[in-house]
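Every chain is numbered from 1, with letters handed out A, B, ... down the list of sequences. All values derive from a computational prediction rather than experimental measurement.
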2 protein chains.
Amino acid sequence: MGVAAQTMDSVFRALADPTRRLVLERLTRGPESVSGLAAPFDMALPSFVEHLRVLEDCGLVNSSKAGRVRTYRLVPKRLRQAEDWLARQRHLWERRLDQLDAYLLEMKEKRS
Amino acid sequence: MGVAAQTMDSVFRALADPTRRLVLERLTRGPESVSGLAAPFDMALPSFVEHLRVLEDCGLVNSSKAGRVRTYRLVPKRLRQAEDWLARQRHLWERRLDQLDAYLLEMKEKRS
DNA sequence: TGAATACTTAGGTATTGACCTAAGTATCAG
DNA sequence: CTGATACTTAGGTCAATACCTAAGTATTCA
(Lines give C-alpha, C1' and ligand atoms only; values in the text may rest on other atoms or scores of the structure.)
Protein backbone atom coordinates (compact mmCIF):
# COMPACT_ATOMS: atom_id res chain seq x y z
CA MET A 1 0.00 0.00 0.00
CA GLY A 2 1.55 3.23 1.14
CA VAL A 3 5.19 4.00 1.57
CA ALA A 4 6.50 3.08 5.04
CA ALA A 5 5.79 5.80 7.56
CA GLN A 6 9.43 6.08 8.54
CA THR A 7 10.37 6.85 4.98
CA MET A 8 7.84 9.66 4.86
CA ASP A 9 9.09 10.91 8.21
CA SER A 10 12.66 11.15 7.06
CA VAL A 11 11.86 12.71 3.69
CA PHE A 12 9.59 15.42 5.11
CA ARG A 13 12.08 15.99 7.92
CA ALA A 14 14.83 16.48 5.34
CA LEU A 15 12.67 18.94 3.42
CA ALA A 16 11.95 20.94 6.58
CA ASP A 17 15.22 22.84 6.40
CA PRO A 18 15.91 25.73 4.03
CA THR A 19 19.57 24.83 3.55
CA ARG A 20 18.62 21.33 2.45
CA ARG A 21 15.89 22.59 0.12
CA LEU A 22 18.34 25.00 -1.48
CA VAL A 23 20.82 22.15 -1.97
CA LEU A 24 18.12 20.15 -3.74
CA GLU A 25 17.28 23.14 -5.92
CA ARG A 26 20.95 23.54 -6.76
CA LEU A 27 21.20 19.89 -7.73
CA THR A 28 18.42 20.29 -10.29
CA ARG A 29 21.10 22.08 -12.31
CA GLY A 30 23.25 18.97 -12.25
CA PRO A 31 25.60 16.95 -10.01
CA GLU A 32 27.98 18.87 -7.78
CA SER A 33 30.83 18.34 -5.34
CA VAL A 34 30.62 18.91 -1.58
CA SER A 35 32.58 22.13 -1.72
CA GLY A 36 30.63 23.30 -4.77
CA LEU A 37 27.39 22.77 -2.90
CA ALA A 38 28.73 24.32 0.29
CA ALA A 39 30.08 27.50 -1.31
CA PRO A 40 26.90 29.63 -1.10
CA PHE A 41 26.39 28.88 2.58
CA ASP A 42 27.98 30.69 5.46
CA MET A 43 28.45 27.57 7.53
CA ALA A 44 31.35 25.43 8.73
CA LEU A 45 31.95 22.56 6.34
CA PRO A 46 31.29 19.74 8.82
CA SER A 47 27.92 21.32 9.65
CA PHE A 48 27.07 21.55 5.99
CA VAL A 49 28.16 17.99 5.28
CA GLU A 50 25.74 16.84 7.97
CA HIS A 51 22.92 18.31 5.86
CA LEU A 52 24.15 16.27 2.91
CA ARG A 53 24.13 13.19 5.11
CA VAL A 54 20.48 13.83 6.05
CA LEU A 55 19.56 14.15 2.39
CA GLU A 56 21.42 10.99 1.48
CA ASP A 57 20.10 8.97 4.44
CA CYS A 58 16.52 9.56 3.39
CA GLY A 59 17.31 8.76 -0.23
CA LEU A 60 16.66 12.14 -1.84
CA VAL A 61 20.23 12.23 -3.16
CA ASN A 62 23.15 9.90 -3.49
CA SER A 63 26.86 10.41 -3.86
CA SER A 64 30.01 8.77 -5.06
CA LYS A 65 33.62 9.60 -4.52
CA ALA A 66 36.23 9.90 -7.23
CA GLY A 67 39.67 10.69 -5.90
CA ARG A 68 39.19 13.23 -3.14
CA VAL A 69 35.98 14.67 -4.60
CA ARG A 70 32.58 13.43 -3.56
CA THR A 71 29.82 14.20 -6.06
CA TYR A 72 26.15 14.44 -5.16
CA ARG A 73 23.16 13.99 -7.45
CA LEU A 74 19.39 13.78 -7.16
CA VAL A 75 17.44 10.55 -6.87
CA PRO A 76 13.81 11.17 -7.96
CA LYS A 77 12.09 8.26 -6.23
CA ARG A 78 11.65 9.64 -2.71
CA LEU A 79 10.54 13.04 -3.84
CA ARG A 80 7.91 11.43 -5.96
CA GLN A 81 6.68 9.38 -2.99
CA ALA A 82 6.36 12.54 -0.93
CA GLU A 83 4.56 14.28 -3.74
CA ASP A 84 2.24 11.32 -4.10
CA TRP A 85 1.26 11.51 -0.45
CA LEU A 86 0.56 15.22 -0.72
CA ALA A 87 -1.36 14.83 -3.95
CA ARG A 88 -3.49 12.09 -2.46
CA GLN A 89 -4.19 14.22 0.60
CA ARG A 90 -5.05 17.25 -1.46
CA HIS A 91 -7.39 15.16 -3.52
CA LEU A 92 -9.19 13.98 -0.40
CA TRP A 93 -9.21 17.48 1.06
CA GLU A 94 -10.82 18.90 -1.99
CA ARG A 95 -13.57 16.34 -1.78
CA ARG A 96 -14.12 17.92 1.59
CA LEU A 97 -14.34 21.49 0.43
CA ASP A 98 -17.85 21.56 1.77
CA GLN A 99 -16.17 21.65 5.16
CA LEU A 100 -14.38 24.78 4.18
CA ASP A 101 -17.57 26.23 2.81
CA ALA A 102 -19.26 25.52 6.11
CA TYR A 103 -16.42 27.22 7.90
CA LEU A 104 -16.50 30.30 5.72
CA LEU A 105 -20.23 30.51 6.23
CA GLU A 106 -19.67 30.31 9.96
CA MET A 107 -17.16 33.16 9.76
CA LYS A 108 -19.56 35.23 7.76
CA GLU A 109 -22.22 34.67 10.40
CA LYS A 110 -19.79 35.74 13.11
CA ARG A 111 -19.01 38.95 11.27
CA SER A 112 -22.66 39.89 11.03
CA MET B 1 7.48 34.61 -5.87
CA GLY B 2 7.78 31.53 -3.75
CA VAL B 3 6.22 30.95 -0.39
CA ALA B 4 8.35 32.20 2.50
CA ALA B 5 10.98 29.65 3.50
CA GLN B 6 9.82 29.62 7.09
CA THR B 7 6.35 28.62 6.00
CA MET B 8 7.75 25.70 4.04
CA ASP B 9 9.91 24.78 7.03
CA SER B 10 7.00 24.61 9.40
CA VAL B 11 4.70 22.74 7.00
CA PHE B 12 7.25 20.06 6.11
CA ARG B 13 8.24 19.84 9.76
CA ALA B 14 4.59 19.27 10.69
CA LEU B 15 4.30 16.55 8.06
CA ALA B 16 7.41 14.78 9.34
CA ASP B 17 5.55 13.03 12.14
CA PRO B 18 3.32 9.98 11.66
CA THR B 19 0.87 11.02 14.37
CA ARG B 20 0.33 14.35 12.69
CA ARG B 21 -0.06 12.81 9.24
CA LEU B 22 -2.64 10.39 10.62
CA VAL B 23 -4.53 13.30 12.16
CA LEU B 24 -4.61 15.02 8.79
CA GLU B 25 -5.84 11.82 7.16
CA ARG B 26 -8.53 11.52 9.79
CA LEU B 27 -9.65 15.10 9.15
CA THR B 28 -10.25 14.37 5.48
CA ARG B 29 -13.32 12.53 6.77
CA GLY B 30 -14.58 15.74 8.34
CA PRO B 31 -14.08 18.04 11.34
CA GLU B 32 -13.45 16.42 14.69
CA SER B 33 -13.00 17.28 18.37
CA VAL B 34 -9.73 17.03 20.30
CA SER B 35 -10.79 13.88 22.12
CA GLY B 36 -12.21 12.37 18.94
CA LEU B 37 -8.89 12.92 17.19
CA ALA B 38 -6.91 11.68 20.17
CA ALA B 39 -8.86 8.46 20.70
CA PRO B 40 -6.84 6.21 18.32
CA PHE B 41 -3.53 7.23 19.84
CA ASP B 42 -1.92 5.74 22.92
CA MET B 43 -0.58 9.02 24.17
CA ALA B 44 -1.28 11.38 27.06
CA LEU B 45 -3.71 14.08 26.02
CA PRO B 46 -1.39 17.06 26.59
CA SER B 47 1.21 15.40 24.36
CA PHE B 48 -1.35 14.85 21.66
CA VAL B 49 -2.69 18.39 21.91
CA GLU B 50 0.83 19.60 21.25
CA HIS B 51 0.68 17.86 17.86
CA LEU B 52 -2.55 19.70 17.12
CA ARG B 53 -0.84 22.95 18.05
CA VAL B 54 1.97 22.23 15.58
CA LEU B 55 -0.56 21.56 12.83
CA GLU B 56 -2.47 24.72 13.62
CA ASP B 57 0.64 26.92 13.97
CA CYS B 58 1.76 26.06 10.45
CA GLY B 59 -1.74 26.62 9.08
CA LEU B 60 -2.58 23.08 7.94
CA VAL B 61 -5.63 23.05 10.21
CA ASN B 62 -7.62 25.49 12.27
CA SER B 63 -9.92 25.12 15.21
CA SER B 64 -12.74 26.79 17.06
CA LYS B 65 -14.21 26.17 20.44
CA ALA B 66 -17.89 25.78 21.16
CA GLY B 67 -18.64 25.25 24.82
CA ARG B 68 -16.00 22.91 26.13
CA VAL B 69 -15.38 21.22 22.77
CA ARG B 70 -12.68 22.39 20.39
CA THR B 71 -13.22 21.31 16.80
CA TYR B 72 -10.44 20.97 14.23
CA ARG B 73 -10.75 21.10 10.47
CA LEU B 74 -8.43 21.15 7.46
CA VAL B 75 -7.25 24.30 5.72
CA PRO B 76 -6.16 23.43 2.15
CA LYS B 77 -3.90 26.39 1.41
CA ARG B 78 -0.66 25.29 3.08
CA LEU B 79 -0.83 21.74 1.83
CA ARG B 80 -1.24 23.06 -1.67
CA GLN B 81 1.83 25.29 -1.23
CA ALA B 82 3.87 22.29 -0.11
CA GLU B 83 2.60 20.25 -2.99
CA ASP B 84 3.44 23.06 -5.38
CA TRP B 85 7.04 23.14 -4.18
CA LEU B 86 7.37 19.39 -4.59
CA ALA B 87 5.72 19.41 -8.00
CA ARG B 88 8.01 22.18 -9.18
CA GLN B 89 11.04 20.30 -7.91
CA ARG B 90 9.95 17.07 -9.50
CA HIS B 91 9.42 18.87 -12.77
CA LEU B 92 12.95 20.22 -12.66
CA TRP B 93 14.36 16.87 -11.57
CA GLU B 94 12.75 15.13 -14.45
CA ARG B 95 14.32 17.55 -16.86
CA ARG B 96 17.55 16.24 -15.36
CA LEU B 97 16.84 12.59 -15.85
CA ASP B 98 19.89 12.46 -18.03
CA GLN B 99 21.80 12.69 -14.76
CA LEU B 100 20.09 9.59 -13.55
CA ASP B 101 20.78 7.88 -16.83
CA ALA B 102 24.42 8.76 -16.48
CA TYR B 103 24.41 7.35 -12.98
CA LEU B 104 22.74 4.12 -13.99
CA LEU B 105 25.22 3.77 -16.80
CA GLU B 106 28.02 4.27 -14.32
CA MET B 107 26.58 1.54 -12.10
CA LYS B 108 26.30 -0.79 -15.04
CA GLU B 109 29.94 -0.17 -15.86
CA LYS B 110 30.91 -0.91 -12.28
CA ARG B 111 29.10 -4.23 -12.35
CA SER B 112 30.93 -5.35 -15.47
C1' DT C 1 58.34 14.51 -1.72
C1' DG C 2 55.91 18.28 0.30
C1' DA C 3 52.30 21.58 0.21
C1' DA C 4 47.64 22.36 -0.99
C1' DT C 5 43.07 20.55 -1.57
C1' DA C 6 38.85 18.04 -0.39
C1' DC C 7 36.76 16.17 2.51
C1' DT C 8 36.20 13.33 7.23
C1' DT C 9 36.27 12.36 12.14
C1' DA C 10 35.89 13.59 16.89
C1' DG C 11 33.82 15.85 20.24
C1' DG C 12 31.39 19.83 22.43
C1' DT C 13 27.20 23.26 23.20
C1' DA C 14 22.61 25.00 23.03
C1' DT C 15 18.02 24.63 21.42
C1' DT C 16 14.03 22.18 20.15
C1' DG C 17 10.91 18.19 20.02
C1' DA C 18 8.21 14.51 21.83
C1' DC C 19 6.80 12.62 25.44
C1' DC C 20 5.19 12.37 30.58
C1' DT C 21 2.42 13.46 35.28
C1' DA C 22 -0.16 16.46 38.09
C1' DA C 23 -3.21 19.89 38.71
C1' DG C 24 -6.12 23.63 36.85
C1' DT C 25 -10.43 25.83 34.43
C1' DA C 26 -14.69 25.90 32.02
C1' DT C 27 -18.93 23.77 30.61
C1' DC C 28 -22.71 20.63 30.81
C1' DA C 29 -25.95 17.15 32.76
C1' DG C 30 -28.74 15.73 36.47
C1' DC D 1 -24.85 22.81 42.91
C1' DT D 2 -22.14 18.81 42.23
C1' DG D 3 -19.87 15.59 39.58
C1' DA D 4 -18.33 14.37 35.15
C1' DT D 5 -16.43 15.90 30.83
C1' DA D 6 -13.25 18.33 27.75
C1' DC D 7 -9.77 20.35 27.43
C1' DT D 8 -5.62 23.52 29.32
C1' DT D 9 -1.58 24.87 31.95
C1' DA D 10 2.65 24.02 34.32
C1' DG D 11 6.70 21.90 34.58
C1' DG D 12 10.03 18.09 33.98
C1' DT D 13 12.89 14.35 31.29
C1' DC D 14 15.37 12.56 27.45
C1' DA D 15 16.93 12.31 22.79
C1' DA D 16 17.74 14.49 18.50
C1' DT D 17 19.15 18.62 15.73
C1' DA D 18 21.95 22.28 14.18
C1' DC D 19 25.60 24.42 14.85
C1' DC D 20 30.79 24.96 16.17
C1' DT D 21 36.33 24.17 16.44
C1' DA D 22 40.23 21.31 16.00
C1' DA D 23 42.60 17.82 14.05
C1' DG D 24 42.76 13.83 10.96
C1' DT D 25 43.17 11.22 6.20
C1' DA D 26 43.50 10.75 1.37
C1' DT D 27 44.60 12.80 -3.26
C1' DT D 28 46.63 15.70 -6.38
C1' DC D 29 49.98 18.74 -8.14
C1' DA D 30 54.39 21.29 -8.49
*Mind checking whether Val61(B) and Arg73(B) have side chains closer than 4.5 Å, heavy atoms only?*
no
*Side chains of Leu24(B) and Leu15(B): closer than 4.5 Å at any heavy-atom pair?*
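Result yes, sub-4.5 Å side-chain heavy-atom pair found.
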_Using the side chain to side chain donor-acceptor pair (under 3.5 Å) criterion, which residues pair with Arg20(B)? Sequence neighbours excluded._
His51(B)
*Excluding sequence neighbours, so at least two apart, what forms side chain to side chain donor-acceptor pair (under 3.5 Å) with Asp57(A)?*
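Scan of Asp57(A) (side chain to side chain donor-acceptor pair (under 3.5 Å), adjacent residues dropped) gives Arg53(A).
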_Holding to side chain to side chain contact (heavy atoms under 4.5 Å, CB included), I want the full list of residues that pass it with Gln81(A), two or more places apart in sequence or in another chain._
Val3(A), Thr7(A), Lys77(A), Arg78(A)
For residues 33-42 of chain A, which side-chain donor-acceptor pairs fall under 3.5 Å, sequence neighbours excluded?
unit_1   : atom_1 : unit_2   : atom_2 : d
Ser33(A) : OG     : Gly36(A) : N      : 3.0

*Which ones in residues 4-12 of chain B lie close to DNA chain D, meaning a heavy atom under 4.0 Å from one of its atoms?*
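Contacts with DNA chain D under 4.0 Å: none.
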*Does any pair with a residue in residues 3-19 of chain A pass salt bridge (Lys or Arg N to Asp or Glu O under 4.0 Å), and if so which ones, sequence neighbours excluded?*
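Only Asp9(A)-Arg21(B) qualify under salt bridge (Lys or Arg N to Asp or Glu O under 4.0 Å).
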*Would you say dT5(C) has OP1 or OP2 under 4.0 Å from some side-chain N or O of Ser35(A)?*
no
*Can Glu56(A) and Ser63(A) be counted as having a side-chain donor-acceptor contact under 3.5 angstrom?*
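Judged by distance alone, the side chains do pair up.
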*Angle by which the axis turns from one end of the helix from dT1(C)-dA30(D) to dG30(C)-dC1(D) to the other, five pairs per end, to 10 degrees*: 20°
_For nucleotides 16-27 of chain C, give me one character per nucleotide, 5' to 3': B if any protein heavy atom sits under 4.0 Å from the base, S if the only such contacts are to the sugar-phosphate, - if neither._
-SSBBBB----B
_For Tyr72(A), all residues meeting ring pair (Phe, Tyr, Trp, His ring centres under 6.0 Å), sequence neighbours excluded_ = none
*asked:* Using the salt bridge (Lys or Arg N to Asp or Glu O under 4.0 Å) criterion, which residues pair with Glu25(B)? Sequence neighbours excluded.
replied: Arg88(A)
